[in-house]
2 protein chains.
Amino acid sequence: MGYERSCLSDHIRRELARRILDGTLRPGERLVELKIAAEFASSQTPVREALRELESMRLVEASPYKGTRVRDVGPRQTAEAYAVRGALERLAAESAAAAFRGDVRALRATARAIVAAARAGDREGYARHDLEFHRAIATASGNATLLQLWESLAFETRTPLTLTRDDLDWPAVAESHAPIVDALEAGDGALAGRLLEEHARKFIPPPRAEAGTTSRARRASGS
Amino acid sequence: MGYERSCLSDHIRRELARRILDGTLRPGERLVELKIAAEFASSQTPVREALRELESMRLVEASPYKGTRVRDVGPRQTAEAYAVRGALERLAAESAAAAFRGDVRALRATARAIVAAARAGDREGYARHDLEFHRAIATASGNATLLQLWESLAFETRTPLTLTRDDLDWPAVAESHAPIVDALEAGDGALAGRLLEEHARKFIPPPRAEAGTTSRARRASGS
DNA sequence: TTGACTTCGATTATCGATAATATACGATTC
DNA sequence: GAATCGTATATTATCGATAATCGAAGTCAA
């Protein structure tokens, strides 16, 4: 799936994506085309293309003649993304169980690294290993379409980890990876899928204060 | 979700997307930038942007200096997309049940229209109503992230319907929408979700001839 | 003082032209 | 005659400049 593009616009896109994901570029920050062009010693055109691709990667948002800025993902969007990611990983696990059978060593090592990072309070390490863990499962599904959609959620699902989230019992969350590995090793994709979906649910920030009245309809704007 | 972009590049993008989805532009067909620019009486730049957006919409594929062509979705990618769509709709149904309670009339009408089209052998109508049905559920989830990813699968999951697919018992498939409506009306999102996932599975074309050796791992290039 | 209108600076959207690259075709060599 | 290499052509990638638009600051009248 990964084309090895050597264009200037791809270089710029990758670099900007890196900065957005690692926080160098803050949410809401404006991305001025000519400024970026000057930095990369290029013209405006490749920058524009890079920005447009970042837009469809959901990393930035743009409106015509107004400009482009780093997307600010609120708690609601984070919740949405985690729910979607959970559904994707559930599907992935079901297909991936076969691929892992007999060799979950790498995955188990990653799971251990997550726990270690959580205990050490190493959030950066936690985020990195966690991403690796979940990406490995998405990859092992053998479903390139799934993987691409999964990757497009990286922004929403990664940022909150980097930021402060003290309402979570990190070591406990970390330990919930091990049963997933067990299920995959046993070839029980369905179980692994359920565990993954449940795992993702833990990250959904607002516990929905509206308890009891679940019959409230939520509207959504049609296309 | 839908920004009302009035740029030239957006106009071109929309028009090209329409042509690809309705089959005017065939899979594998080449999209030459200057030719398109001439047709729209524009310069190359807006066309390029449009093509890049189409690429991230998975409608076309491009390689540097080689050009852009309409993506040819094989049976494998169709299968992948249906599996993913099923997973997304399962999640959507779980959240959407509350939104529908008390008013599934529109949805039921759509379901009936699907059955009618299937019986009449009206494939175009079937595709249109079916898309409407599933989109309604994705929309009702209230999860904008989900909806966007769902929309990005429109190409893979719509094309095969327009094309010849005589291996399916269309009326039977059409009738499987009704139980989904029932479940949503009853507020049983979990059931509706399971039914939707099962429904999507019916469209996965190849029954995987490679029976027995399901343990082959498939590699995928990391980012 | 306030409100609408105008002007100006900044930035985006688009243009026309040029450089870079790939593919196809023909010349040259063995 | 076949293979290799250069060349021509078509197309993409990028450039520098211009037109279009937005937002803010300033202006004028009531």
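In what follows, every chain begins at residue 1, and chains take the letters A, B, ... in the order their sequences are listed.
In this structure, the CZ atom of A/Phe40 is 13 Å from the P atom of D/dC15, given to the nearest Å. The distance from atom CD of B/Glu49 to atom P of D/dA13 is 13 Å, rounded to the nearest whole Å. In this structure, the CG atom of A/Leu8 is 12 Å from the P atom of D/dG16, given to the nearest Å. Separating the CG atom of B/Leu34 from the P atom of C/dA17 is a distance of 12 Å, rounded to the nearest angstrom. Put simply, CG on B/Asp10 is 15 Å from C1' on D/dT21, counting in whole angstrom units. Atom pair B/Tyr65:OH and C/dT21:P shows a separation of 5 Å (rounding to whole Å applied). Here the P atom of nucleotide C/dT11 and the CD1 atom of A/Ile36 are 12 Å apart, to the nearest Å.
Across all strands, A/Leu31 comes closer than 4.0 Å only to sugar-phosphate atoms, never to a base (heavy-atom distances). Across all strands, B/Ser42 comes closer than 4.0 Å only to sugar-phosphate atoms, never to a base (heavy-atom distances). Looking at heavy-atom distances under 4.0 Å, B/Gln44 makes contact with a base.
Atom OG1 of A/Thr78 and atom CG of A/Leu153 lie 11.0 Å apart (nearest 0.5 Å). Note: B/Arg30 CZ to B/Leu25 CG = 14.0 Å, rounded to the nearest 0.5 Å.
Comparing D/dT11, C/dT11, D/dT12 by their closest approach to the side chain of A/Lys35 singles out C/dT11. Residue A/Arg30 has its side chain nearest to C/dT11 when only C/dT11, D/dT14, D/dA13 are considered. Comparing atom distances between the B/Glu33 side chain and each of D/dC15, C/dT14, D/dA13 picks out D/dA13 as nearest. Among C/dT14, C/dA22, D/dT21, the nucleotide with an atom closest to any side-chain atom of B/Pro46 is C/dT14. Closest to the A/Ser43 side chain, of the nucleotides D/dG16, C/dT14, C/dA13, is D/dG16.
Considering only side-chain N and O atoms, B/Lys66 lies nowhere under 4.0 angstrom from the phosphate OP1 or OP2 of D/dT11. Using a 4.0 Å cut-off, no side-chain N or O of A/Arg48 falls inside it from OP1 or OP2 of C/dT12.
By the side-chain hydrogen bond (donor to acceptor under 3.5 Å, both in side chains) test, A/Gln44 pairs with A/Glu33, sequence neighbours left out.
Residue A/Arg26 qualifies as open at atom CZ: its count of foreign heavy atoms under 6.0 Å is 12 or below.
The residues B/Glu156 and B/Arg85 are annotated as not salt-bridged, no charged nitrogen and carboxylate oxygen being separated by less than 4.0 angstrom.
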